[in-house]
Amino acid sequence: MIVETLTSPVILFFVLGFIAALIKSDLSIPEAFAKAMSIYLMAAIGLKGGIEVADSGFTPDLAAAAIAGLVLSFALPFLAFALLKSFGRLGQVDAGAVAAHYGSVSVVTFVTAKEILTASGLEPQGYMVAVLALMETPAIISGLLLARWGMTQTDRNGDGGGGLWHEVLANASVVLLVGSFIIGMIAGKEGFEAVRPLFDTGFRGVLCLFLLDMGLIAARRLTQSRKLTVRLAILAVALPIINGTIGTVTGSLIGLDVASAAALGVLTASASYIAVPAAMRLALPEADPGIYLSMSLGISFPFNIIFGISIFAALARALG
Amino acid sequence: MIVETLTSPVILFFVLGFIAALIKSDLSIPEAFAKAMSIYLMAAIGLKGGIEVADSGFTPDLAAAAIAGLVLSFALPFLAFALLKSFGRLGQVDAGAVAAHYGSVSVVTFVTAKEILTASGLEPQGYMVAVLALMETPAIISGLLLARWGMTQTDRNGDGGGGLWHEVLANASVVLLVGSFIIGMIAGKEGFEAVRPLFDTGFRGVLCLFLLDMGLIAARRLTQSRKLTVRLAILAVALPIINGTIGTVTGSLIGLDVASAAALGVLTASASYIAVPAAMRLALPEADPGIYLSMSLGISFPFNIIFGISIFAALARALG
Amino acid sequence: MIVETLTSPVILFFVLGFIAALIKSDLSIPEAFAKAMSIYLMAAIGLKGGIEVADSGFTPDLAAAAIAGLVLSFALPFLAFALLKSFGRLGQVDAGAVAAHYGSVSVVTFVTAKEILTASGLEPQGYMVAVLALMETPAIISGLLLARWGMTQTDRNGDGGGGLWHEVLANASVVLLVGSFIIGMIAGKEGFEAVRPLFDTGFRGVLCLFLLDMGLIAARRLTQSRKLTVRLAILAVALPIINGTIGTVTGSLIGLDVASAAALGVLTASASYIAVPAAMRLALPEADPGIYLSMSLGISFPFNIIFGISIFAALARALG
Amino acid sequence: MVSTVSAKRIEILCDTPLVPRIVGILRASGIKGWSVLHVESGGGRDGEWRQDEFTGAAAKTIVLAIAKADTAAAFTDALAPMLDSYGLLLIVGDVQVVRADRF
Amino acid sequence: MVSTVSAKRIEILCDTPLVPRIVGILRASGIKGWSVLHVESGGGRDGEWRQDEFTGAAAKTIVLAIAKADTAAAFTDALAPMLDSYGLLLIVGDVQVVRADRF
Amino acid sequence: MVSTVSAKRIEILCDTPLVPRIVGILRASGIKGWSVLHVESGGGRDGEWRQDEFTGAAAKTIVLAIAKADTAAAFTDALAPMLDSYGLLLIVGDVQVVRADRF
Ligand SMILES: Nc1ncnc2c1ncn2[C@@H]1O[C@H](COP(=O)(O)O)[C@@H](O)[C@H]1O
Ligand SMILES: Nc1ncnc2c1ncn2[C@@H]1O[C@H](COP(=O)(O)O)[C@@H](O)[C@H]1O
Ligand SMILES: Nc1ncnc2c1ncn2[C@@H]1O[C@H](COP(=O)(O)O)[C@@H](O)[C@H]1O
Ligand code: NA
Ligand code: NA
Ligand code: NA
C-alpha cells in the first residue's frame with residue numbers, strides 16, 4: 001500500500017511542495033487561499049460525516065469510538081510527556097506543550113488518510129469525523145496540567161482562565177467541523193445533492209493543492225528550525241508510531257471495523273498544528289513554538305502522511 | 001416553505017456562521033476569499049441570466065420588469081425616509097443614507113432567493129438579473145436628494161460631484177453583473193457549456209460558504225453595534241416587509257409570472273450593503289455607518305434570507 | 001477563427017476586464033485569489049501534459065520540440081534587442097531587459113491558446129507543456145548578456161551571481177509546471193481520475209475569471225504607463241508577429257503536427273510578465289519596469305490573446 | 001556617510017473608500033508620493049471592527065506619505081475640514097530621509 | 001493653521017493569537033483606540049518566518065496605538081511583565097496629532 | 001517603571017523581489033531582526049500602482065527594522081549605493097524601546 005500511497009497525486013503534491021521548499025524555490029501558496037482551502041476541507045468532511053451518520057443512525061460503535069477518542073486524547077499526553085522529559089530532555093513546560101500536540105489531532109492527516117484508505121477499499125465510518133472533532137481539545141487540558149504540575153498560582157501568568165477555555169471550545173475548526181456535521185445530519189443525502197458538485201467532486205483536487213502548501217510549510221519548518229535536536233526528531237517519529245499503535249489496537253478491541261480502527265490509529269498518531277499551538281501561545285507563552293511546530297509540522301506530519309497511514313492500515317488489517 | 005428553507009444547506013450555513021459569531025468563535029473567512037466568492041457568484045448569475053435572455057429574447061415582460069425595478073428603486077426611499085425620520089427618530093442625513101440602502105438591492109439575497117425559489121419549483125426569469133443590476137443605483141440618487149433637501153451648497157461638503165457619479169455607475173458589482181450578462185447573451189447556451197462545470201455546478205456550494213461568512217458578519221454587526229435602537233431594529237424588519245409587499249404586488253400587477261414577481265419582491269425587500277455604503281461614505285460622510293450597516297446587514301439581511309423569501313413567494317402565489 | 005475567438009467566454013471575460021479598467025471601475029480581483037488561480041492553472045496544465053506524455057511516451061517529436069524551444073528562447077532576444085535599440089530607441093540596458101521578456105513565454109497565453117485551439121479541433125500535444133517550461137529561462141541569460149555586453153565588472157552592480165541563477169531556476173512557475181508534469185507522468189490517466197473534477201472540469205471557468213483579472217491589469221498598465229512611446233507600442237505588436245512567425249515556421253519545419261506548431265508559434269510570440277520581470281528587477285535594477293511591463297502586459301498580451309492565436313493557427317494550417 | 005535631511009512622516013488612517021480623496025488632497029498640497037497600507041482590524045469610539053467584512057465601506061486603511069515640513073503643513077491645513085466629518089486620524093512624526101530631491 | 005498636540009505612537013509587535021490580550025491591556029491603561037496591521041514575514045533571534053504558515057500560531061501582527069504620554073507610560077508599565085515571556089517588541093515614538101480630545 | 005532606551009526605527013520601501021537583498025544588507029550591518037509589511041498601492045514619480053498586479057515585479061513592500069544608532073548608521077551607509085538604482089525610499093525615525101539587549 002505504500003507504493004499506492006506514493007503514486008497518489010495527493011501525496012505527490014505534498015512531496016513536490018517539500019522538494020520545492022528544500023531547493024528554496026519562491027513557490028508559495030497565498031495565505032488566504034490556504035485558509036480558504038482548509039475551511040473548504042473541514043466543511044466538506046463535516047458534511048459528509050453528518051450525512052453518513054444521518055443514514056446509518058446512532059450506533060453503539062459510534063458511542064464506543066467517541067469515548068475511545070476522548071479518553072485517548074486525554075491520556076496519551078501523559079505518556080508523551082514522560083518520554084519528552086526523559087528521552088527528549090525537554091523542560092516541564094516545553095514537554096507539556098509538545099505532549100498536548102501529540103494528544104490532539106491533525107485534520108489534514110485525517111482527511112488524507114480517509115482518501116487513501118477509501119482508495120484502497122477501506123472506507124472509515126462517517127462518525128469518525130465526530131471522533132476527530134472530539135479529540136481536538138482534551139489533550140490541551142492534560143498538556144496544561146502536566147506543564148503546570150506543582151506550580152503555584154503566581155507562576156501561572158499565562159493561563160488567563162476563561163479566555164483560554166473559550167478559545168479552546170469555540171475554536172474555528174471545532175465549530176466548523178461540528179457545525180457542518182450537524183448540517184449534514186439535517187440536510188441528509190437529498191439535501192446534499194445540491195451542493196455535492198462543490199463539496200464532493202472538488203474534494204481531492206483541493207486536497208492536492210492543500211498538501212502542496214503543507215509540503216512547503218513542513219520543509220520550511222524543518223530547515224529553518226534551530227531548536228530541533230536529534231532526540232526530539234526521533235521522538236517526532238516514535239510518538240506517532242506508539243500513539244498510532246495504541247489507537248489502532250484500541251479501535252480493534254472496541255470492535256470497530258478495520259477501516260475505522262485504522263482511522264482511529266491515524267488520529268491518535270497525528271499531531272495538531274493549528275488549534276493546539278494557538279492555545280499554547282496563550283496559555284504557555286514560555287513554551288517555545290520553535291520546538292512544538294518543528295516536531296509536529298516538520299516531522300510527524302510528513303511521517304504520518306507518507307508512512308503512518310499505510311502502517312496503521314496494515315496493523316488494523318492484521319488485527320481485524 | 002419555511003421548513004424547506006430552514007433545512008436547506010445554504011441557509012443552514014448562514015445559521016452556522018451566525019451562531020459561531022454569537023458564541024464569539026474565532027472562525028473567520030479570509031477577506032480575499034469572500035471577495036473572490038462574491039465575484040464568482042456575480043459572474044455566474046450574470047452569465048446564466050444572459051444565456052436565458054439570449055434563449056427567450058427580449059420580451060414585453062422584460063421591459064415591464066425593468067421599468068418597475070427602476071421606479072421602485074427610485075421611489076421606495078421616499079417612504080423609507082419618512083418612516084426613518086418619524087418612527088425611527090433619525091436626523092435628515094442618517095435617514096437619507098439608510099433610505100438609500102433600502103431602495104437599492106442585495107445581490108446575495110437575490111441569489112439565495114433564486115436558489116430557494118427554484119428548489120421549490122418557482123424559477124424566476126433570466127432577465128431578473130438585469131433588473132437586479134438596474135435597481136442598484138437609482139436609490140442612491142433619491143437617498144442623496146432626501147439627505148440634502150433644503151441644504152445650501154456650502155453644507156454639502158461631501159458630494160464631490162463627478163467622483164460620486166462615476167463611483168456609482170462604474171461600481172464593481174454593476175460592471176460585473178452587466179458584463180457577465182452581456183457575455184452570457186453573446187456566448188449563448190453552447191458557449192456556456194465549456195464553462196458550465198465551474199459556474200453552474202459549483203454554484204450552490206460556493207453560496208453555502210459565502211453565506212457562512214455572511215452569517216459571521218451579520219452577527220458581528222449586530223452584537224458590536226452601539227447605534228441600533230429598538231425603533232431602528234423594528235424598522236429593519238418592517239421596511240423589508242413593506243417594500244417586499246409593494247414589490248411583489250407590483251410584479252403581479254404588471255403581469256410577471258409568480259416566480260419573477262416573488263423575485264421582484266425579494267429585490268425590493270433587500271437592502272444594499274456593498275455599493276450603497278461605499279457611496280454614502282463618500283457623499284454623506286456625516287451619516288453614521290454604524291446605523292446603516294447594522295440595520296441592513298445585521299437585521300434585514302438575515303430576516304430576508306430566513307423569512308422574507310418564503311413570505312414573498314407565498315404572497316406571489318396567492319396573487320398569481 | 002477570430003470570430004470564434006471573440007465570442008468565446010474566455011476571451012469575452014478578458015475584454016470585460018479591459019473595458020472595466022478603461023472606464024475606471026473599481027472592479028478588482030483580490031491578489032491572493034489571482035495568485036491562487038495562477039497556481040491552479042499551472043498545476044492543471046502541468047498534470048494534463050504529464051498524463052498525455054505518459055500515454056504517448058517519449059517521441060522524437062518531443063525531443064525536436066524541446067530543442068527548438070530552448071534554441072528559440074535563447075536566440076530570439078538577439079533579434080528583439082537589435083530592433084529595440086534601433087527602431088525602439090531604447091538604451092542598452094532597457095533593450096536587454098525587454099528582449100528577455102520577448103524571448104521567454106507567458107503561461108496564460110499558452111493556456112488560452114490551448115483552449116481556443118482545442119475548441120477549433122486543433123489540440124496541441126501534451127509535451128508542449130514541457131516545452132513551455134523549458135522556454136521560460138534561456139531568454140533571461142541572453143537578455144542579461146545583451147544588457148551587460150562590454151561592461152566592466154564594476155558596472156554590474158545588480159547581478160548578484162548565485163542569487164539570480166537560483167531565482168531563475170527555482171522560480172515558482174518552473175517548479176510548479178515541471179513538478180505537476182512529473183506528477184502527471186507518475187499518476188497517469190488512472191491516478192488522474194480522482195482529481196479530474198477539480199483540475200479538468202473547472203479549468204475553463206477559472207481561466208475566465210483569471211482573464212478577467214488580466215484584462216484589468218493589462219488596461220491599467222496601458223493607461224497608467226508614462227513610458228510607452230509610439231515606437232515601443234509598434235514593437236509590442238511587431239515582436240509577437242515576428243517571433244510567432246519564426247516559431248510557427250520552425251515548428252512546421254521540424255515536423256510537428258499543425259496544432260503543436262501553432263502552439264510553438266504562440267509560445268515564441270508570447271512575452272513573460274511574471275518570471276522575467278522579477279529576475280530583471282534583481283539583475284538589471286536600472287532597467288525601467290514601466291517599459292517592459294507596459295509592453296508585455298499592456299500590449300503584447302492582449303494582442304496575442306485576441307489576434308495572435310488565430311494568426312499562428314492559420315499560418316500553421318497553411319504550412320502543414 | 002550618506003547625508004540625510006529632515007522630513008515629516010504623515011499617516012492618515014481613514015475608511016478605504018476615501019483613499020482617492022485623500023490622495024487628491026496630498027497631490028494638491030504638493031506631496032508627490034504616497035503608499036497605502038492595509039489595516040486588519042481595530043477599535044475606537046465606535047466599537048471594534050475587523051476587515052473580514054467584505055463590504056468595503058467598513059474597511060480601514062493607512063495612507064503613508066513622506067514630505068518636507070512645509071508641504072506637510074500645507075497638507076494638514078487642507079485636510080482639516082475633513083478630519084471631523086470623515087473621522088480621520090492624522091499622525092505626523094519627524095524622520096530623516098535620504099535623496100531629499102524626491103520630496 | 002490646525003493646532004496639533006504631542007502624543008506617543010506605540011507599536012507592539014506580537015504573535016497574532018495575543019492580540020486580544022494586548023488590546024485588553026491597552027484598554028485597561030485608558031487607551032481608547034488601536035489598529036492592527038498584518039506582518040508578512042520577518043526574522044529575529046529565532047530565525048526567519050513567513051506568514052504563509054496558515055497555522056495561526058506562527059503569525060505576527062503589529063498593534064498600533066496613539067496615546068497621550070501619561071497613558072502611554074501606564075501602558076508600557078502594564079505590558080512589562082509580558083514582554084519577555086511573550087517575546088514582544090515594544091516601540092514608542094513621538095508624534096503630533098490633531099483632535100487631541102480623541103486620545 | 002520600565003526603563004527604555006533610544007533606538008532608530010528604519011523603514012525601507014522597496015520592490016518585493018528585493019527584500020532578500022535588503023535583509024542581507026541588514027544582517028551584514030549587524031541588525032538582527034526585521035519585519036516585512038505589505039504595501040497595497042501607492043504613487044510616486046512613476047505614476048500609480050496597485051498590488052493586485054499578481055506579477056510580483058510591480059509589488060512593493062516595507063521592511064521595518066529597529067536598531068541602535070550605530071548599526072542603523074552602518075546600514076544606511078551600506079544601503080546607499082542601491083538607493084538610486086533600485087528606487088528605494090529610506091526613512092529613519094527616533095524611538096524608545098525596551099529590552100535593549102535585543103538590538
Ligand atoms: N513621499 C512618499 N511617501 C510615501 N511613499 C512614497 C513616497 N514616494 C514614493 N513612495 C512610494 O514609492 C513608490 C515608488 O515611488 P517612485 O519611485 O517615486 O515612483 C510609490 O509608488 C509609492 O508607493
Ligand atoms: N488611538 C488610536 N490609535 C490607533 N488607531 C486608532 C486610534 N483611535 C482610533 N483608531 C482607529 O480608527 C478607527 C476609528 O476610530 P473611531 O472613530 O474612534 O471609532 C478605529 O477602529 C481604529 O482602527
Ligand atoms: N529589530 C527588529 N526590528 C523589526 N522587527 C523585529 C526586530 N527583531 C525582531 N523582530 C520581529 O519580531 C519577530 C520575533 O523576533 P525574535 O523574538 O527575535 O525571533 C521577528 O521574526 C521579526 O518579525
Ligand atoms: Na494524536
Ligand atoms: Na430594496
Ligand atoms: Na516569447
Side-chain angles (χ1 to χ4, degrees), chain D residues 6-16 25 29 35-53 58-67 69-96, chain E residues 1-41 51 56 59-69 71-72 75 91-103:
Chain D
S6 295
K8 294 291 180 183
R9 181 181 187 281
I10 307 168
E11 283 169 310
I12 307 108
L13 197 150
C14 66
D15 288 3
T16 306
I25 301 176
S29 321
S35 298
V36 175
L37 304 176
H38 187 76
V39 183
E40 288 245 300
S41 62
R45 299 157 307 171
D46 282 352
E48 301 193 12
W49 61 275
R50 51 162 130 173
Q51 192 71 271
D52 66 5
E53 316 222 347
K60 293 199 196 296
T61 281
I62 288 177
V63 180
L64 170 70
I66 309 298
D70 50 347
T71 39
F75 171 72
T76 313
D77 288 347
L79 194 69
M82 290 174 68
L83 282 175
D84 273 312
S85 62
Y86 283 107
L88 305 176
L89 205 65
L90 175 67
I91 310 163
V92 183
D94 290 305
V95 289
Q96 300 288 312
Chain E
M1 260 211 47
V2 197
S3 76
T4 59
V5 296
S6 294
K8 295 291 180 184
R9 182 181 188 280
I10 307 169
E11 283 169 309
I12 308 108
L13 198 150
C14 66
D15 288 4
T16 306
L18 297 179
V19 171
R21 200 158 294 184
I22 306 282
V23 167
I25 300 176
L26 277 170
R27 281 182 161 161
S29 320
I31 298 181
K32 293 168 210 152
W34 73 92
S35 298
V36 175
L37 305 175
H38 188 75
V39 183
E40 288 245 300
S41 62
Q51 191 71 270
K60 293 199 197 295
T61 281
I62 288 177
V63 180
L64 170 71
I66 310 298
K68 294 222 175 99
T71 39
F75 171 72
I91 311 163
V92 182
D94 289 306
V95 289
Q96 300 288 313
V97 293
V98 285
R99 300 212 291 149
D101 50 302
R102 286 188 57 166
F103 302 100

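Lettering follows sequence order; numbering is per chain, from 1. What's counted below: heavy atoms across the whole structure, side chains too, no hydrogens, waters or symmetry copies.
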> Side chains of Leu37(E) and Ile62(D): does their closest heavy-atom pair fall under 4.5 Å?
Replying inline: yes
>> Quick check on Leu64(E) against chain D: is it the side chain, the backbone, both or neither that has a heavy atom closer than 4.5 Å?
In response: side chain
> Lys8(D), Glu11(D), His38(D): which one forms the most heavy-atom pairs within less than 4.5 Å of chain E?
Replying inline: Glu11(D)
> Which pair of heavy atoms, one from Val39(D) and one from Ser35(E), lies closest together, and at what distance?
Replying inline: CG1-CB, 3.8 Å
> Would you say Ile91(D) and Ile66(E) make side-chain contact, with heavy atoms under 4.5 Å?
Replying inline: yes
>> Below 4.5 Å, heavy-atom pairs only: which of Gly93(D), Gly43(D), Ser41(D) has the largest tally toward chain E?
In response: Gly43(D)
> Can you name the closest pair of heavy atoms from Leu83(D) and Val98(E) and give their distance?
Replying inline: CD1-CG2, 3.2 Å
> Relative to chain E, which of Asp94(D), Thr76(D), Leu89(D), Leu13(D) shows the most heavy atom pairs under 4.5 Å?
Replying inline: Leu89(D)
